**Student:** 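This is the structure I have questions about; it appears just below.
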Amino acid sequence: MKLRTALLTLAVCGVSFSSFANVSLTLPDSADLVLVNGTKAQGNDQLSLKDGDNQIAFRYETNYRENGDTHLFKSEVVIVTFNGKDASYTLSLPKIHSQYEAKAFNKQPHVTITDQQNNDVAIKQDVLIKNGVQIGRDFQQEIAKYNLSGAPAALTSAISVSVPQVQNVAVEKSGKVDQAYVTKMLNYWYEKADKATQDQFKASINK
């Protein structure tokens, strides 16, 4: 009985220890999370992450005073990818003092991540841009598409959205494949492809 209890205890401990993250990332109060490794997130609590490559997406929200007036700055969604290993890290953002600096940050964000010795960590950063209407954005789909694009801060291991199941193809009574479904799937995969693949596809159907 004691042996069984001991084995169960070791098994539980094994699960617990393996679930502990080895990387922690402290965020400033002005960072508002949108995604962590492709999964929806919010707030700015300290993050517990896995060893290796990680990707976060957030907005920089702060106030600045210019010409006697207070302005609210809410940045585009910033993507940061970095590699961490068994350590604690801190993300820092620059101070915004003017509309010019706010626009400059949106155009080319300047983000730093430092380790416990205050050394800069190599990062890749970019902006998740969507033109047109911004209401009701599906950030998980957007980041999945971004991570398949080969963009500067792309991380394929951070793709967490589900892909439609091809085996559930709708078949009409005549035995033919539902062409509406085919159109939907073609559009889906075309949007997922990078520009080179899209060009190859267009060239093949124009022959």
Side-chain angles (χ1 to χ4, degrees), residues 13-62 73-96 101-130 137-163 189 191-198:
C13 287
V15 171
S16 299
F17 289 144
S18 64
S19 64
F20 287 163
N22 296 312
V23 172
S24 68
L25 179 64
T26 300
L27 303 170
D29 292 340
S30 53
D32 186 22
L33 285 169
V34 174
L35 297 158
V36 176
N37 289 326
T39 302
K40 291 181 181 178
Q42 59 182 3
N44 48 36
D45 292 339
Q46 186 181 70
L47 296 175
S48 295
L49 306 168
K50 60 180 175 60
D51 267 354
D53 291 328
N54 287 282
Q55 181 190 70
I56 66 168
F58 64 93
R59 279 196 172 100
Y60 181 10
E61 297 187 9
T62 188
F73 172 61
K74 186 174 183 178
S75 75
E76 298 283 358
V77 176
V78 180
I79 307 169
V80 176
T81 301
F82 75 104
N83 184 283
K85 184 173 177 59
D86 196 24
S88 297
Y89 301 91
T90 301
L91 185 146
S92 301
L93 296 167
K95 294 289 186 181
I96 300 293
E101 291 180 351
K103 288 182 177 180
F105 182 90
N106 266 336
K107 186 175 181 181
Q108 188 173 2
H110 179 66
V111 180
T112 57
I113 293 181
T114 53
D115 60 19
Q116 291 166 289
Q117 288 72 44
N118 206 35
N119 297 314
D120 286 348
V121 175
I123 66 172
K124 297 176 182 178
Q125 56 188 354
D126 203 356
V127 181
L128 189 63
I129 295 289
K130 179 186 178 183
R137 292 176 65 177
D138 188 335
F139 289 112
Q140 283 187 285
Q141 287 287 351
E142 287 184 39
I143 198 69
K145 183 176 179 180
Y146 176 90
N147 283 330
L148 286 169
S149 70
L155 183 64
T156 54
S157 63
I159 300 172
S160 64
V161 297
S162 59
V163 175
W189 287 111
E191 289 298 322
K192 291 294 183 186
D194 58 23
K195 188 177 185 305
T197 304
Q198 289 176 347

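Reckoned from all heavy atoms, side chains included, excluding hydrogens, waters and symmetry mates. All values reported here derive from a predicted model rather than from experimental measurement.
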**Student:** At what distance, to the nearest 0.5 angstrom, does CG of D29 lie from CD of E61?
**Tutor:** 12.0 Å
**Student:** According to side-chain hydrogen bond (donor to acceptor under 3.5 Å, both in side chains), who are the partners of N147, at least two apart in sequence or on a separate chain?
**Tutor:** Q55
**Student:** Do L93 and V78 come within less than 4.5 Å of each other through their side chains, counting heavy atoms only?
**Tutor:** no
**Student:** Of all heavy-atom pairs between D32 and G43, which one has the smallest distance, and what is that distance?
**Tutor:** OD1-N, 3.4 Å
**Student:** Out of T26, N54, L33, which one pairs with L47 under the side chain to side chain contact (heavy atoms under 4.5 Å, CB included) rule?
**Tutor:** L33
**Student:** side-chain hydrogen bond (donor to acceptor under 3.5 Å, both in side chains): which pairs involve residues 83-93, sequence neighbours left out?
**Tutor:** S24-S88, D53-N83
**Student:** What's the shortest heavy-atom distance between N37 and L155, and which atoms?
**Tutor:** OD1-CD2, 4.4 Å
**Student:** Sequence neighbours left out, what passes side-chain contact (heavy atoms from CB on, under 4.5 Å) with Q42? Give chain and number order.
**Tutor:** none
**Student:** Hey, are the side chains of V77 and I143 touching, using non-hydrogen atoms and a 4.5 Å cut-off?
**Tutor:** no
**Student:** Looking only at heavy atoms, what is the nearest atom pair of V23 and K50, with distance?
**Tutor:** CG2-O, 3.6 Å
**Student:** Table please: side-chain donor-acceptor pairs of residues 105-113 below 3.5 Å, with sequence neighbours left out.
**Tutor:**
| from | atom 1 | to | atom 2 | distance (Å) |
| --- | --- | --- | --- | --- |
| N106 | OD1 | E76 | N | 2.7 |

**Student:** Against L91, only a single residue in V121, I123, L25 fulfils side chain to side chain contact (heavy atoms under 4.5 Å, CB included); can you say which?
**Tutor:** L25
**Student:** Looking only at heavy atoms, what is the nearest atom pair of A41 and V36, with distance?
**Tutor:** CB-CG2, 3.7 Å
**Student:** Output yes when a side-chain donor or acceptor of N118 lies under 3.5 Å from a complementary backbone atom of Q116, and no otherwise.
**Tutor:** no
**Student:** For Y60 and P94, which heavy atoms make the closest approach, and how far apart are they?
**Tutor:** OH-O, 2.6 Å
**Student:** Can you find a pair of side-chain heavy atoms, one from R137 and one from L128, that are under 4.5 Å apart?
**Tutor:** yes
**Student:** Apply ring pair (Phe, Tyr, Trp, His ring centres under 6.0 Å) to Y146 and list each qualifying residue two or more places apart in sequence or on a separate chain.
**Tutor:** none
**Student:** For the pair N44 (side chain) and A31 (backbone), establish whether a donor and an acceptor sit closer than 3.5 Å, ignoring hydrogens and angles.
**Tutor:** yes
**Student:** Just verifying a value: how many Å separate T81 OG1 and Q125 CD, rounded to the nearest 0.5 Å?
**Tutor:** 10.0 Å
**Student:** Would you please name every residue forming a side-chain hydrogen bond (donor to acceptor under 3.5 Å, both in side chains) with T114, sequence neighbours left out?
**Tutor:** none
**Student:** Is N119 atom CG crowded by more than 12 heavy atoms from other residues, nucleotides or ligands, each under 6.0 Å away?
**Tutor:** yes
**Student:** Shortest non-hydrogen contact from F82 to A122?
**Tutor:** CB-O, 3.9 Å
